[in-house]
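Once you've had a glance at the structure underneath, I'll fire off some questions.
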Amino acid sequence: MVRLRGEAAAASQRRSFSIPEREQSRDEYLRLIQTARASGNERLALVMETICATGIRVGEVGYITVEAARAGRTEIYLKGKIRTILIPRKLCGKLLRYARRQRTGSGKIFLTRRRNPLSRVQIWSEMKKLCAAAGVMESKVFPHNLRHLFARTYDSLYKDIVKLADLLGHSSVNTTRIYLLTDGAEHIWQLERMNLLC
């Protein structure tokens, strides 16, 4: 195989911009929440809110317990690391009210009808079923996109990538930076404002 000059470098360079067809906007997120509630799936609406308001991974949903909601935080033990998940007060209230309605006095909050922990596959599948009714492209609807929305929202408000990395459980801000890629529209606008053309 013959490589063109610069091809090897291009192959190893990380992506600089996000793909708009895959990134979920705040408006699309809110439509998914409203659609879940309108269809009677309060559990899914609250799972999505929990992921998006805390930045947790979908596989960490099981750490959201009644005890964690009471304390406003929980410890996650994964891959030999410990990290603290902080739960906003308003979300704590929602989680505790939901747990009371489900007659869950302790332990994991998000359970199936048979009282088993809700799996990442179930969450993914239930989210996909909302797409058409919510008017959101399927390519944008993944639990991990809620984590990305959390990161972008935090960054737009606070511009502190180090604290954001801590909240997301990243050991490197380079990983966090991937979550903050934009579609390039702001870059184009900045280039246009430079006005360096004759």
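Not measured: the values here are computed from a predicted model. Below, all heavy atoms of this structure are taken into account, side chains as well, without hydrogens, waters or symmetry copies.
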- Query: Going through the checks in order, is the side-chain contact (heavy atoms from CB on, under 4.5 Å) test met by Thr35 and Val136?
  - Reply: CA-CA 11 Å; Thr35 303; Val136 181; over 6 Å; no
- Message: Could you see if Leu44 belongs to whatever hydrophobic cluster contains Val121? Use Ile, Leu, Val, Met, Phe, Trp, Tyr and a side-chain cutoff under 4.5 Å.
- Response: no
- Full working for side-chain contact (heavy atoms from CB on, under 4.5 Å) between Thr153 and Arg26: CA-CA 9 Å; Thr153 304; Arg26 186 174 195 281; 5.5 Å; no
- Item | Heavy atoms from other residues, nucleotides or ligands near NZ of Lys128 exceed 12 (cutoff 6.0 Å) | yes
- Task: For the pair Arg37 and Glu49, find out whether any cationic side-chain nitrogen is under 4.0 Å from an anionic carboxylate oxygen.
- Result: yes
- Closest heavy-atom contact between Pro143 and Ile51? O-CG2, 3.9 Å
- Message: Can a donor-acceptor pair be found, under 3.5 Å and without considering hydrogens, that links the side chain of Arg177 to the backbone of Ile161?
- Response: no
- Do Arg43 and Gln122 touch side chain to side chain, with heavy atoms closer than 4.5 Å? no
- For Val61 and Ile123, which heavy atoms make the closest approach, and how far apart are they? CG2-CD1, 4.2 Å
- Task: Can you measure from CD1 (Ile85) to OG1 (Thr50) and round to the nearest 0.5 angstrom?
- Result: 11.5 Å
- Message: Glu28 vs Leu32, test: side-chain contact (heavy atoms from CB on, under 4.5 Å). Steps then yes/no.
- Response: CA-CA 6 Å; Glu28 290 165 329; Leu32 288 167; 5.5 Å; no
- Task: Could you grab the distance from atom CZ of Arg97 to atom SG of Cys92, nearest 0.5 Å is fine?
- Result: 10.5 Å
- Hey, is CZ on Arg120 packed in by over 12 heavy atoms from elsewhere, all under 6.0 Å? no
- Task: Please work out whether the ring planes of Tyr154 and Tyr158 are parallel, tilted or perpendicular, with thresholds of 30° and 60°.
- Result: tilted
- Smallest separation among heavy atoms of Ser139 and Asn145, with atom names: O-ND2, 4.5 Å
- Note on the structure: To the nearest 0.5 Å, atom NZ of Lys140 lies from atom CE of Met137 at 5.5 Å
- Message: Are Phe142 and Leu149 linked, directly or through intermediate hydrophobic residues, by side-chain heavy-atom contacts shorter than 4.5 Å (ILVMFWY only)?
- Response: no
- Message: Which heavy atom of Phe150 sits nearest to which heavy atom of Ala53, and what is that distance?
- Response: CE1-O, 3.7 Å
- Task: Verify the cluster assignment for Leu130 and Trp124: are they in a single hydrophobic cluster under the rule of side-chain heavy atoms below 4.5 Å apart?
- Result: no
- Message: Grouping I, L, V, M, F, W and Y whenever their side-chain heavy atoms are under 4.5 Å apart, do Tyr77 and Ile87 come out in a common cluster?
- Response: no
- Query: How far apart are the C-alpha atoms of Lys81 and Ser171, what are their side-chain angles, what is the distance that settles it, and do they pass the side-chain contact (heavy atoms from CB on, under 4.5 Å) test?
  - Reply: CA-CA 10 Å; Lys81 297 178 186 174; Ser171 52; 3.9 Å; yes
- Item | Arg101 atom CZ, neighbour heavy-atom count above 12 within 6.0 Å | yes
N/O donor to acceptor pairs below 3.5 angstrom from side-chain atoms of residues 105-118, sequence neighbours left out:
unit_1	atom_1	unit_2	atom_2	d
Thr112	OG1	Arg114	N	3.3
Thr112	OG1	Asn116	N	3.1
Thr112	OG1	Asn116	O	3.4
Arg115	NH1	Gln102	O	3.3
Arg115	NH2	Thr104	OG1	3.0

- Message: Just so I know, are the side chains of Gln24 and Leu146 near enough to count as touching, which here means a heavy-atom distance under 4.5 Å?
- Response: yes
- Message: For the backbone of Ala134 and the side chain of Arg31, can you confirm whether one donor and one acceptor N or O come within less than 3.5 Å of each other?
- Response: yes
- Closest non-hydrogen atom pair, Leu168 against Ala151: CD1-CB, 4.0 Å
- CG-CG distance between Leu86 and Leu91, expressed to the nearest 0.5 angstrom: 11.5 Å
- Quick one: pull up CG in Leu167 and CZ in Arg147 and give me the separation to the nearest 0.5 Å. 10.0 Å
- Query: Just how far is it from atom OH of Tyr63 to atom OG1 of Thr74, taken to the nearest 0.5 Å?
  - Reply: 8.0 Å
- At their closest point, which heavy atom of Met127 faces which heavy atom of Val141, and how far apart are they? O-CG1, 3.5 Å
